Novice: 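Got a structure for you, written out below as structure tokens; questions coming shortly.
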Amino acid sequence: MTRFRTPVAAAALLSAVLMVTGTQAASAADQDPSLRKLAGRADLLIGTAVNTSALADDTAYRKSTAQEFSSVTAENVMKWEAVEPERGVYDWSEADDLIRFAHDNGQAVRGHTLVWHSQLPTWLTSGVADGSIDSDELRAILKNHITTQVKHFKGKIYQWDVVNEVFEEDGTLRNSIWLQKLGPSYIADAFRWAHEADPKAKLFVNDYNVEGINAKSTAYYELAKQLRAEGVPVQGFGIQGHLGIQYGFPGDVAANLKRFDDLGLETAFTEVDVRMILPVDDTKLARQADDYRRLLDACLATTGCKSFTVWGHTDKYSWIPGVFDGQGAANLLDENYAPKPAYSAVREELASGR
């Protein structure tokens, strides 16, 4: 046993040992940094959609959400049916819980979504259907909803999906209750109302199947160009990024992002997952990883692409099996939170930087 003649000598050695072990720990952590740490080096927010029930009940889910991501999106609890289930009766509880979680973990929050044709409260859809809510009242209801929700979260949301999925695949406007009753002007109105409620939040259009250049993404490009020329505060284009490996990777993704970048809009991948026909095998996992990598590469190659959000990060809570029969395994982690090749691909791409 080593004996020290003086307390000073013992303290000096202890200090040296702590310094070495601390350096070794820091070195080990640096060799295996989280996605959020790597994304920060690349000037990117890496995000995940959050299942708030899992966040409350599943410790492993809570840990991975906090550790790996610098941005979070409410999967469902900021949608209209959740926040105003009865007319004039608001329930912000679960959304506020997510905001607190994000604040405690140093995360930014994306707001999803203000105007959509789906997940509307029954009191609204039934009122429109039976004629008890006419067009003038519907416009006032929409304005009140946007204003109330954006003001409630003012200063806590860095990007809002203001209008979601307003085009069909052929580039025509979706025949939603909003278009039927209010005409296309509801889109510009929604942006103006949201901007008035929180001038500092970035305001996005958002849709699926718009990764590459096609009729739908071109319709958004023309809409954004027109609205911006009219002074409407459209500031971002959100690409959901729901892919299936059986369909092939969309073409011209980088070129598509660049044209919105050139228009002066921020871009973001907002809901990325890559599903496959089950069962899982190594070939499918490798293809999935490559799709994640290629989407992220296009974002990192685009100056104005500031966030990349996956729609859930573990297969344990994925929405895919409940909607696409016989498909799944769409996320970065499997049901047991083990990293898949896609996770490694995202890490490597983030580490390569912009």
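In this text, all values refer to a predicted model and were calculated from it rather than measured experimentally.
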Novice: Name the residue from Tyr292, Phe237, Phe308 that meets the ring-ring contact (aromatic ring centres under 6.0 Å, His included) definition with Phe269.
Specialist: Phe308
Novice: Under a 4.0 Å threshold between the charged nitrogen and the carboxylate oxygen, would Asp262 count as salt-bridged to Lys258?
Specialist: yes
Novice: Decide, yes or no, whether a salt bridge links Asp58 with Lys316 under the criterion of side-chain N to carboxylate O below 4.0 Å.
Specialist: yes
Novice: Any carboxylate oxygen within less than 4.0 angstrom of a Lys/Arg side-chain nitrogen, looking at Asp291 and Arg287?
Specialist: yes
Novice: Could you check whether any side-chain N or O of Gln180 sits under 3.5 Å from a backbone N or O of Asn175, counting only pairs where one atom can act as donor and the other as acceptor?
Specialist: yes
Novice: Quick check against the 3.5 Å criterion: does Gln288 have a side-chain atom that pairs as donor or acceptor with the backbone of Met276?
Specialist: no
Novice: Assess, by modelled atom type and distance only, whether the side chains of Glu68 and Tyr343 contain a donor and an acceptor separated by less than 3.5 Å.
Specialist: yes
Novice: Could you tell me which non-hydrogen atom of Val72 sits nearest to which non-hydrogen atom of Ala102, and how far apart they are?
Specialist: CG2-CB, 3.9 Å
Novice: Tell me if a side-chain donor or acceptor on Asn214 pairs with a main-chain N or O of Asn209 at a distance below 3.5 Å.
Specialist: yes
Novice: Please check this pair: side chain of Arg36 against backbone of Phe69, looking for a donor-acceptor N/O pair closer than 3.5 Å.
Specialist: yes
Novice: Between Trp80 and His145, is the ring centroid distance below 6.0 Å?
Specialist: yes
Novice: Side-chain contact test, heavy atoms from C-beta onward, threshold under 4.5 Å: evaluate it for Leu179 versus Pro184 and give yes or no.
Specialist: yes
Novice: From Tyr186 OH over to Ile177 CD1, what is the distance, rounded to the nearest 0.5 angstrom?
Specialist: 9.5 Å
Novice: Determine, step by step, whether Met78 and Val109 satisfy the side-chain contact (heavy atoms from CB on, under 4.5 Å) criterion, reporting the C-alpha distance in whole Å, the side-chain angles of both residues, the deciding distance to 0.1 Å, and the verdict.
Specialist: CA-CA 11 Å; Met78 289 187 187; Val109 183; 4.2 Å; yes
Novice: Roughly how far, to the nearest 0.5 Å, is CD1 of Ile46 from OG of Ser70?
Specialist: 7.0 Å
Novice: How far does OG of Ser352 sit from CG of Leu300, to the nearest 0.5 angstrom?
Specialist: 6.0 Å
Novice: Asp134 side chain to Asp136 main-chain N or O, any donor-acceptor pair under 3.5 Å?
Specialist: yes
Novice: If the test is side-chain contact (heavy atoms from CB on, under 4.5 Å), which one of Val77, Ile99, Asn76 qualifies with Glu94?
Specialist: Val77
Novice: Could you check whether any side-chain N or O of Lys225 sits under 3.5 Å from a backbone N or O of Leu263, counting only pairs where one atom can act as donor and the other as acceptor?
Specialist: no
Novice: Can you spot which of Thr309, Thr113, Asn206, Asn164 makes a side chain to side chain donor-acceptor pair (under 3.5 Å) with Thr270?
Specialist: Asn206
Novice: Under the criterion side chain to side chain donor-acceptor pair (under 3.5 Å), I'd like the reasoning laid out for Gln226 against Glu230: C-alpha separation, chi angles, the key distance, then a yes or no.
Specialist: CA-CA 6 Å; Gln226 175 190 338; Glu230 295 171 359; 3.3 Å; yes
Novice: For Asn331 and Asp273, test the side chains for any donor-to-acceptor distance below 3.5 angstrom and give the result as yes or no.
Specialist: no
Novice: Starting at CG of Asp91, measure out to CD of Glu81 and round the result to the nearest 0.5 Å.
Specialist: 12.0 Å
Novice: Examine Arg259 relative to Tyr221 and say whether NZ or CZ is less than 6.0 Å from the centre of the six-membered ring and inside a 45° cone about the ring axis.
Specialist: yes
Novice: Are more than 12 heavy atoms, taken from residues, nucleotides or ligands other than Asp282, located less than 6.0 Å from that residue's CG atom?
Specialist: no
Novice: Any side-chain to backbone donor/acceptor pair from Asp252 onto Asn256? Under 3.5 Å, distance only.
Specialist: no
Novice: Could you tell me whether Arg110 and Glu75 have a side-chain N and a carboxylate O separated by less than 4.0 Å?
Specialist: no
Novice: Please round to the nearest 0.5 Å and tell me the distance separating atom CH2 of Trp123 and atom CD1 of Ile141.
Specialist: 5.0 Å
Novice: Assess the residue pair Tyr158 and Ser71 against the criterion (side chain to side chain donor-acceptor pair (under 3.5 Å)); give the C-alpha distance rounded to whole Å, side-chain angles, the decisive distance to 0.1 Å, and a yes or no.
Specialist: CA-CA 10 Å; Tyr158 75 101; Ser71 170; 2.9 Å; yes
Novice: Verify the distance criterion only: is there a donor paired with an acceptor across the side chains of Trp116 and Glu165 at less than 3.5 Å?
Specialist: yes
Novice: Kindly say whether Gly212 contributes a backbone atom to a donor-acceptor pair with the side chain of Ser217 at under 3.5 angstrom?
Specialist: yes
Novice: Would a single hydrophobic cluster contain both Leu223 and Phe191, if residues Ile, Leu, Val, Met, Phe, Trp and Tyr are joined by side-chain heavy-atom contacts under 4.5 Å?
Specialist: yes
Novice: Please say whether the positively charged group of Lys216, taken as NZ for Lys or CZ for Arg, lies over the ring of Tyr208, i.e. under 6.0 angstrom from the six-membered ring centre and within 45 degrees of the axis.
Specialist: yes
Novice: Check the hydrophobic clustering (I, L, V, M, F, W, Y; side-chain heavy atoms under 4.5 Å; chains of links allowed) and say if Phe204 and Val210 are grouped together.
Specialist: no
Novice: Taking all atoms of both residues into account, what is the closest heavy-atom pair of Val115 and Ala190, and its distance?
Specialist: CG2-CB, 3.9 Å
Novice: So, do His242 and Trp319 have ring centers that fall under 6.0 Å from each other?
Specialist: yes
Novice: Please check if the distance between the ring centroids of Phe167 and Tyr220 is under 6.0 Å.
Specialist: yes
Novice: For a side-chain contact (heavy atoms from CB on, under 4.5 Å) check, start with the C-alpha distance between Phe101 and Thr65, then their side-chain angles and the critical distance, and finish with the verdict.
Specialist: CA-CA 10 Å; Phe101 175 86; Thr65 300; 3.8 Å; yes
Novice: So, for Ala224 and Leu265, which heavy atoms are closest and what is the spacing to 0.1 Å?
Specialist: CB-CD2, 3.9 Å
Novice: Between Asp57 and Arg62, does any NZ, NE, NH1 or NH2 come within less than 4.0 Å of an OD or OE carboxylate oxygen?
Specialist: no
Novice: Mind checking whether Leu296 and Trp311 sit in one hydrophobic cluster, side chains of I, L, V, M, F, W, Y counted as touching below 4.5 Å?
Specialist: no
Novice: Compare every heavy atom of Leu45 with every heavy atom of Ala108, then report the nearest pair and how far apart it is.
Specialist: CB-CD1, 4.2 Å
Novice: So that I can tick it off, tell me whether Asp189 and Arg139 are bridged by a salt bridge, with the cut-off set at under 4.0 angstrom between side-chain N and carboxylate O.
Specialist: yes
Novice: Passes side-chain contact (heavy atoms from CB on, under 4.5 Å), Gln235 versus Gln159? Steps please.
Specialist: CA-CA 9 Å; Gln235 297 151 340; Gln159 293 177 355; over 6 Å; no
Novice: Could you see if Val323 belongs to whatever hydrophobic cluster contains Ile320? Use Ile, Leu, Val, Met, Phe, Trp, Tyr and a side-chain cutoff under 4.5 Å.
Specialist: yes
Novice: Would you say the side-chain atoms of Arg228 pair up with the backbone N or O of Pro233, donor to acceptor, closer than 3.5 Å?
Specialist: no
Novice: For Asp43 and Lys306, work out which heavy atoms get closest and say how close.
Specialist: OD2-NZ, 3.4 Å
Novice: Do Arg275 and Phe324 form a cation-pi contact, if we require the NZ or CZ to be under 6.0 Å from the six-membered ring centre and within 45 degrees of the ring's axis?
Specialist: yes
Novice: What's the verdict on side-chain contact (heavy atoms from CB on, under 4.5 Å) for Asp315 and Leu333, showing C-alpha distance, side-chain angles and the deciding distance?
Specialist: CA-CA 6 Å; Asp315 294 336; Leu333 308 179; over 6 Å; no
Novice: For Ala268 and Ser307, work out which heavy atoms get closest and say how close.
Specialist: CB-OG, 3.2 Å
Novice: Scan Val150, Leu142, Val162 and name whichever one has a side-chain contact (heavy atoms from CB on, under 4.5 Å) with Trp193.
Specialist: Leu142
Novice: Any side-chain to backbone donor/acceptor pair from Thr52 onto Leu55? Under 3.5 Å, distance only.
Specialist: no
Novice: For this output row, return yes or no: ring centroids of His313 and Tyr61 closer than 6.0 angstrom.
Specialist: yes
Novice: Just by distance, with hydrogens left out, do Gln246 and Gln327 show a side-chain donor and acceptor under 3.5 Å apart?
Specialist: yes
Novice: Nearest 0.5 Å, what's the CG-CG distance between Leu138 and Leu182?
Specialist: 4.5 Å
